[in-house]
Amino acid sequence: MARLRLGPLLRYVDEETATVWVEASRPCVAQVRCADGAAGSAPTFQVDGHHYALIPVTGLTPGTETTYEIRLGGDGDAPPVWPLPDSPYPPSTIRTPSYEAGDPVRVTFGSCRWAAPPADEHDPVGPDALDTLAARIAADPAAERPDVLVLLGDQVYADETSPATRAWLARRRDLSDPPGTEVADYQEYTHLYYESWLDPEVRWLLSTVPSCMIFDDHDLIDDWNTSAAWLADMRALPWWRERLLSGLMSYWVHQHIGNLSPAALATDPVYAAVRATPDGTDALREFAARADEDPSSVRWSYRRDFGRVRLLMVDTRAARVLDEQHRAMLAPDEAKWLREQALADHGTYDHLLIGTSLPWLLPHLIHDAEGWNAALCRGERGPRWARFGEDLRRRADLEHWAAFPSSFAALADLIAEAGSGDAAPATISVLSGDVHHAYVAEPTWPVTDAAPSARVLQLTCSPVHNSVPASIRLGFRFGWSRFGRALGRRFARHGRAAAPRIGWRRTGGPWFGNQLMTLTLRARDASLTLDQADAQRGLTRTASRHLT
């Protein structure tokens, strides 16, 4: 009899359908049975000896909530494997929206989560915000909860493993050989997901709150695709190709396919190829190799609509152009896709959310330092400064939108266009993480430009479960200051970097700690809350404001 190894994860949910992801111990037919009669099933597919299924659930009723169970077997007599016996948590449910009834859309987001240690061990970085969110929902299942959990990168840390994982790796191979205590292959990636998603609170939370995900660098390795020189150095390492292919394969299995709607899955050639054979490992590996060799052949970005709320999740890692003379955060096809999705059916959405793991608007000192660094690496001050700039870029992680000046300006232009005109949405929010603190920033356009009528915000929330040194905290605070801004302009002048056409100011934060932000969107109204994890009090409200 098949056992449930990982999951279930409730991924896509709309008014009448849902998808649920599971990993089973052997090949089987995975089933979802809902208390209201809705159901779905899917045969597992195999990747490197693991058996997965993404189960489409149909027949759901808009505006309702139903409990569900998981069964693993091809007949109706297979016993349920979820909920777990003697579970302390309420039954997992699927809540469907009713957008015609005017239901609000609650979007909770954050990034950067180290797996929490077992409950009986000391947690060196404090309480996990996902654990505390799970505890709050479990304590009052009928209360408000997120309609979607948006995880903006670093869902696992392939390059910063826990003591428990390092001990497991040491039993598997010699850690004196590269890549040492970092993960090396697909099997080791699966261990990271077990460690992260078998956390009891997180496992239950992900079974009952839908989720959207996108990768960032630590899902593969720190500084992933920071520059052409970095990429050339990594490709020269004998262990890197297996690490990269395994990282992309495991991301596709554990995160990417669950981001897609049932309709998108039905026409996805990679999904079809992996499921068409008894063992889809080779088909998936070929796809990952193609993604490495020609990033423009693959799209990790995707769109989700929640009634009149549009979410565009943007790949800002694999889709980069790294040539120093033509650097871009998004390749031309990817930039074209983002533009088309933002402007498609303009006027049919009230709120536009752009999910990008890396913040668009940074503290002014950091923004100017990244533009200066990009100019140095481009050769504006000669080859010696270019070598210095490349070394500094890697050491200081100078690789956000500001490090790609043309892309920064293009995103500003797109936001202005999408936020203008009679059909403009009420708000446009750029949702980001990465920088291990939270803040709100708002841009301003010069009077000579057509400023958008939509309210535009940079909403940054990180980490979910991680830490930031005191020195870095001080640096972020200084970066927003008047003196930091003046210092940044000196950097920019040295690099002959042009000043950005737009300005911006911080209107909230910085807040430090393990935390989650929530946007509540109803019609053309928007509000924002920030909740921080507290060891004694669970999630505590740190900030709350009305946005429209």
Does [X] [atom1] have over 12 foreign heavy atoms under 6.0 Å away?
X: R537; atom1: CZ; value: no
X: E293; atom1: CD; value: yes
X: E144; atom1: CD; value: no
X: R172; atom1: CZ; value: yes

Check ion pair [X]-[Y] (N to O, under 4.0 angstrom):
X: D103; Y: R95; value: no
X: E399; Y: R317; value: yes
X: R166; Y: E160; value: no
X: D292; Y: R235; value: yes

Between the side chains of [X] and [Y], is a donor N or O closer than 3.5 angstrom to an acceptor N or O?
X: Y302; Y: N259; value: yes
X: T208; Y: T93; value: yes
X: R308; Y: T348; value: no

Applying side-chain contact (heavy atoms from CB on, under 4.5 Å) to F109 and V148, what does each step give before you reach the verdict?
CA-CA 8 Å; F109 62 96; V148 62; over 6 Å; no
What pairs with D86 under side-chain contact (heavy atoms from CB on, under 4.5 Å), at least two apart in sequence or on another chain?
none
Taking only residues two or more places apart in sequence, or in another chain, which ones meet S462 in a side-chain contact (heavy atoms from CB on, under 4.5 Å)?
S111, C112, H436
Does the plane of the ring in W230 sit parallel, tilted or perpendicular to the ring in W240? Use 30° and 60° as the thresholds.
perpendicular
Taking the six-membered ring for Trp, are W300 and F287 closer than 6.0 Å centroid to centroid?
yes
Can you check whether L244 reaches W224 side chain to side chain, under 4.5 Å on heavy atoms?
yes
Would you mind reporting whether P8 and Y68 have side-chain heavy atoms less than 4.5 Å apart?
yes
For the backbone of [Y] and the side chain of [X], can you confirm whether one donor and one acceptor N or O come within less than 3.5 Å of each other?
X: Q31; Y: G73; value: yes
X: S301; Y: D315; value: yes
X: T108; Y: L149; value: no
X: T96; Y: T64; value: yes
X: T132; Y: A129; value: yes
X: S25; Y: R5; value: no
X: Q155; Y: I214; value: yes
X: E201; Y: A135; value: no
X: W360; Y: W401; value: no
X: D223; Y: T226; value: no

Carefully, step by step, assess D350 and L521 under the rule side-chain contact (heavy atoms from CB on, under 4.5 Å).
CA-CA 9 Å; D350 293 319; L521 309 165; over 6 Å; no
Would R203 and L84 count as a side-chain contact (heavy atoms from CB on, under 4.5 Å) here? Give the steps.
CA-CA 11 Å; R203 188 179 195 183; L84 299 176; 3.9 Å; yes
Under the salt bridge (charged side-chain N to carboxylate O under 4.0 Å, His left out) rule, what pairs show up with a residue in residues 117-132, not counting sequence neighbours?
R113-D128
Applying side-chain contact (heavy atoms from CB on, under 4.5 Å), run through W337 and L330 and close with a yes or a no.
CA-CA 10 Å; W337 175 88; L330 305 177; over 6 Å; no
Between Y157 and E195, does a side-chain hydrogen bond (donor to acceptor under 3.5 Å, both in side chains) hold up when you go through it step by step?
CA-CA 11 Å; Y157 278 72; E195 181 181 46; over 6 Å; no
Determine the sole option in Q46, H254, R275 for which the side-chain contact (heavy atoms from CB on, under 4.5 Å) test with Y52 is passed.
H254
side-chain hydrogen bond (donor to acceptor under 3.5 Å, both in side chains) for S296 and D294? Distances and angles first, verdict last.
CA-CA 5 Å; S296 65; D294 181 11; 2.6 Å; yes
